[in-house]
Undergrad: 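One structure coming up, written as structure tokens, with questions to follow.
Because only heavy atoms are used, hydrogens play no part in the values below, and waters and symmetry mates are left out as well, while side chains stay in. Sequence lines set the chain letters: A, B, ... in the order given, protein chains first and strands last, and positions in each chain run from 1.
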Amino acid sequence: MTTLEEYLKDRREQEWRVELRKKLKGKERTDIPRVHMPEVDPNERVKYQNMEVNTGLSKEQAIVEASRCMDCANPTCMEGCPVQINIPEFIKNIERNEFGEAAATLKQTSALPAVCGRVCPQEKQCEEKCFYKTKLNKEAVAIGYLERFAADWERESGSISIPECAPSNGIKVATIGSGPSSLSFAGDMIKLGYDVTVFEALHEIGGVLKYGIPEFRLPNSIVDTELENMKQMGVKFEKNFIVGRTASFDQLKEDGFKGFFVGSGAGLPRFMNIPGENYNGIMSSNEYLTRVNLMNASSDEFDTPVLKGKNVAVIGGGNTAMDSVRTAKRLGAERAMIVYRRSRAEMPARVEEVKHAIEEGIEFINLANPLEYYADETGRVNKMRLQHMELGEPDASGRRKPVEVEGLESEIDVDLVVVAVGVSPNPLIPACLPDLKVSKWGTIEVGENMQSSIPVIFAGGDIVRGGATVILAMGDGRNAAKSMHEYLSENN
Amino acid sequence: MNRIVEKEFFSKNVVKLVVEAPMIAKSRKPGNFIILRVSENGERIPLTIAGADEQKGTITIIAQTVGVSTEKLAKMNVGDSLHDLVGPLGKATEIHNVGTILACGGGVGIAPLLPIIEGFKKAGNRVISVLAARSKDLIILEDEVRKWSDEVIIMTDDGSHGKKGLVTQGAEEVILREKVDECIAIGPAIMMKFTSLLTKKYNIPTQASLNALMVDGTGMCGACRVTVGGKTKFTCVDGPEFDAHQIDFDEMMMRLGGYKKEEKADMEQYMSK
């Protein structure tokens, strides 16, 4: 059995890779500057909820960027990828104009390449470990942009490759939730020949990909294309089905399901519990984004309403806060503000999101935390009081801890507030499985192989990690698929 | 799937629908609710399950037309299918044998009260039901409630049926003449608030079933949050029933009005078509 290392070496020594490396000298490659992603002008794009900001690389741009990749003997970029995409192989396929092959390479390890290319924090993952960054102190190869390019090219070409699946083994497995961890799990299990059903509580498949991430970052139509591919491979989807409520785990076992993957996510909003937080016009980011992204509330054609504001404050500094504040801008806010207790540099959001937000005119009120909200006589929020902070010593996470500056407070007019300070694991599944070991924060406890305290139940993604990223969830899904396959093979 | 098999108007604005939902019919318990969408661009709205027939695989929902979505729902016919239907949601009512139950239902709140009355009666309790509404045609499910109650008192604002007066008057009459061990109140928020204030006076443990605004109904968004005993709870996963004496009803009623402007505008637009 080949190890990953041996496999990569073998692929690297294929004749086409060897020839391609010879085509350009090292310096010819490293002299090329990193490509700039074409973007819609900020003044134009803030008018539309549905307009993607990044428009994608052209063929020519992609090939030139791909040629920057040195096809390293030891591809450190792969160490940064939670799903271990064969990065040099897909990039070199782009360089030699074999875009379909590039997409196929991506699909060997990622069920959702068009998604990852758009939403991964590459600057903290693959690109952080790129040879250019670590050894040359130059901008990394734009691995994310290239991944998006290959996936988009394949989708637009109409000839989408369906990965090969092993012959059906007749064993039924279920996922609970249809977000990135479940989809990733389902994608691997179907390839191994299992009979896979994805159960989703909401009326749309995709989890956070559909309800959480806005259209201007990740169009729902792209998620739908990936889902269609999975359907073609034989994955079954059941909407409006809450495992544990609509039918119990025992009932599903009676129906023949042998293994379960819980990917129910961190869909439980967190509030700050400060005075006035229950006034009208103050909502969680989950509520705000679900109304707009899932229920299309900004469109007159759809019945669900969303509250709009002139002076909108979003509390938080992560990707969800960015998504919320940029949505508010698009829905007509005159002032769309981020209120975050640490400095701008320490905001955990993706670098590109912060950059786009600044271009769009988002105001950043850093080193500030809300203390209290006030409302008019109808109970609608109209003002908030802020505590201002300064940075003190680093805390356990290594980031400098914000410290209140005694007496330094201010008030701002707001008529809409979105609280995006984090999410917690959704309690539905743990509530219906009393024997399931759950941490004090509500996360399902699993071993390194993603198996829970109940042997036939595996879990991954935010229900295990708390609010994290799409790609980490996908890595968990892959890990769980491998482990469940081993477990079911031994125990059947 | 989700086909409507029976439809009946109790009054101009109150409609009963029986819907095919075999899995929900089997797994639901008194106190649970469902979320439905009438069409692809519809809202998700919560409605309590008023009854279920496990043999036939159907559930019964009763709705009052209060806005665009319920108007659209009331216009659906036998043979039509709901676009989406999910459940059972919410915590089931805690049903136990305590002695005497005082069940107070206001208007369309009588619908979710019915399965609870049935549950408590089956558990061996003495059940006294007080049904209240503005007028006779808004008193619903009277026969069904009688089937599961030892006594039924009807109160109407205009005296067109039963006695003239509010639910609290009917309830106090019962409390003053016999020992009541527990009270359940379901109806408009203001009705539940005043019923709760009444039973608090007499130290009678009381559950109220809240009708907060919801979006997903599965605990994900917090739109349905209420303050109970000083803590934030989610109506859809911690409720819909709570210890009435601990509920901040004023805050709840304020939050129910959060989309009044938008709802009014949508209704005007819908009616003008």
Side-chain angles (χ1 to χ4, degrees), chain A residues 200-204 207-208 211-212 239-242 244-248 251 264-271 273 277-291 294-297 299-308 375 377-380 419 423-428 431, chain B residues 1-2 21 23-24 26-28 32 35-45 67-69 72 83-91 215-227 231-232 234 237-238 248 250-263 265-266 269-270:
Chain A
E200 169 56 50
L202 293 175
H203 59 269
E204 285 256 18
V208 77
Y211 76 72
K239 301 190 273 196
N240 297 314
F241 196 117
I242 305 180
R245 304 300 303 256
T246 310
S248 65
Q251 277 171 280
S264 51
L268 183 70
R270 238 186 260 162
F271 289 96
N273 295 315
E277 207 172 28
N278 286 344
Y279 283 130
N280 287 323
I282 303 176
M283 64 185 90
S284 72
S285 50
N286 272 357
E287 182 184 343
Y288 189 58
L289 295 173
T290 296
R291 284 183 185 270
L294 182 69
M295 309 304 298
N296 293 293
S299 162
D300 277 340
E301 314 253 309
F302 289 79
D303 292 345
T304 305
V306 67
L307 294 179
K308 299 201 178 153
E377 66 284 350
T378 70
R380 176 69 181 259
V419 183
V423 283
S424 297
N426 187 281
L428 282 183
Chain B
M1 247 186 81
N2 309 328
M23 300 199 78
I24 302 177
K26 185 168 172 196
S27 53
R28 72 104 209 185
N32 286 152
I35 288 234
L36 63 82
R37 289 205 313 160
V38 166
S39 64
E40 200 183 342
N41 49 7
E43 267 188 294
R44 289 172 66 91
I45 62 167
V68 172
S69 301
K72 286 184 178 177
H83 196 274
D84 296 285
L85 177 66
V86 68
L89 298 166
K91 282 205 172 121
V215 184
D216 65 293
T218 60
M220 204 190 78
C221 76
C224 65
R225 63 191 188 278
V226 292
T227 303
K231 294 204 167 90
T232 298
F234 290 173
V237 291
D238 300 315
D248 184 342
D250 290 335
E251 181 190 78
M252 190 217 155
M253 290 191 283
M254 173 203 75
R255 287 185 61 74
L256 273 176
Y259 286 80
K260 254 209 176 89
K261 219 174 60 182
E262 288 77 10
E263 286 165 3
D266 286 349
Q269 201 192 40
Y270 175 71

Undergrad: Looking at B/S27 and A/A247, would you say the former's side chain and the latter's main chain have a donor-acceptor pair under 3.5 Å?
TA: no
Undergrad: Quick one: what part of A/S299 sits under 4.5 Å from any heavy atom of chain B, side chain, backbone, both or neither?
TA: neither
Undergrad: Is there a side-chain contact between B/F234 and A/P269 (heavy atoms, below 4.5 Å)?
TA: yes
Undergrad: Would you mind checking which part of B/K261 comes under 4.5 Å of any heavy atom in chain A, side chain (CB onward), backbone (N, CA, C, O), both or neither?
TA: neither
Undergrad: Go through it in stages, so that I can follow the logic: the residues are B/E43 and A/M295, the test is side-chain contact (heavy atoms from CB on, under 4.5 Å), and I'd like the CA-CA distance, side-chain angles, deciding distance and then a yes or no.
TA: CA-CA 7 Å; B/E43 267 188 294; A/M295 309 304 298; 5.6 Å; no
Undergrad: Determine, step by step, whether B/T227 and A/N278 satisfy the side-chain hydrogen bond (donor to acceptor under 3.5 Å, both in side chains) criterion, reporting the C-alpha distance in whole Å, the side-chain angles of both residues, the deciding distance to 0.1 Å, and the verdict.
TA: CA-CA 9 Å; B/T227 303; A/N278 286 344; 3.1 Å; yes
Undergrad: Looking at B/G217, B/S39, B/G222, which one has more heavy-atom pairs under 4.5 Å with chain A than the rest?
TA: B/G222
Undergrad: Under a 4.5 Å cutoff for heavy-atom pairs, which residue among B/H83, B/R44, B/E251 has the most contacts with chain A?
TA: B/R44
Undergrad: Given side chains that start at C-beta, do those of B/E262 and A/L307 come closer than 4.5 Å, heavy atoms only?
TA: yes
Undergrad: Any donor-acceptor pair under 3.5 Å linking the side chain of A/N240 with the backbone of B/D84?
TA: no
Undergrad: Do you know which of B/V215, B/V68, B/N32 has the most heavy-atom pairs under 4.5 Å to chain A?
TA: B/V215
Undergrad: Could you tell me whether the side chain of A/T246 and the main chain of B/G87 form a donor-acceptor pair under 3.5 Å?
TA: yes
Undergrad: What part of A/F241 lies closer than 4.5 angstrom to a heavy atom of chain B: side chain, backbone, both or neither?
TA: both
Undergrad: For B/D248, is it the side chain, the backbone, both or neither that has a heavy atom under 4.5 Å from a heavy atom of chain A?
TA: neither
Undergrad: Do A/T290 and B/D216 get their side chains close enough for a donor-acceptor pair, meaning under 3.5 Å?
TA: no
Undergrad: Rounded to the nearest 0.5 Å, what's the gap from CG on A/L202 to CE on B/M220? Could you check?
TA: 6.0 Å
Undergrad: Side chain, backbone, both or neither: which part of B/K260 has a heavy atom under 4.5 Å from chain A?
TA: neither
Undergrad: Donor-acceptor check, side chain of A/N280 to backbone of B/M254, threshold 3.5 angstrom: yes or no?
TA: yes
Undergrad: Using heavy-atom distances under 4.5 Å, tell me whether B/L89 contacts chain A through its side chain, its backbone, both, or neither.
TA: both
Undergrad: Quick one, B/R255 and A/Y279 - any side-chain contact, counting heavy atoms below 4.5 Å?
TA: no
Undergrad: For the pair A/D303 and B/R37, find out whether any cationic side-chain nitrogen is under 4.0 Å from an anionic carboxylate oxygen.
TA: no
Undergrad: Would you mind checking which part of B/T232 comes under 4.5 Å of any heavy atom in chain A, side chain (CB onward), backbone (N, CA, C, O), both or neither?
TA: side chain
Undergrad: Taking side chain as everything from C-beta outward and backbone as N, CA, C, O, which of these in A/V419 sits under 4.5 Å from a heavy atom of chain B? Side chain, backbone, both or neither.
TA: neither
Undergrad: Measuring heavy-atom distances to chain A, does B/E263 have an atom under 4.5 Å in its side chain, in its backbone, in both, or in neither?
TA: neither
Undergrad: Evaluate whether atom NZ of B/K72 has more than 12 neighbouring non-hydrogen atoms of other residues, nucleotides or ligands under 6.0 angstrom away.
TA: yes
Undergrad: Please rank A/G379, A/A297, A/P305 by heavy-atom pairs under 4.5 Å with chain B and give me the top one.
TA: A/P305
Undergrad: Return the CD to CZ distance between A/E277 and B/R225, rounded to the nearest 0.5 Å.
TA: 6.5 Å
Undergrad: Determine whether a donor-acceptor pair (N or O, by modelled atom type, separation under 3.5 Å) exists between the side chain of A/R245 and the backbone of B/R28.
TA: no
Undergrad: Say whether A/E301 and B/N41, considering side chains only, have a donor N or O and an acceptor N or O under 3.5 Å apart.
TA: no
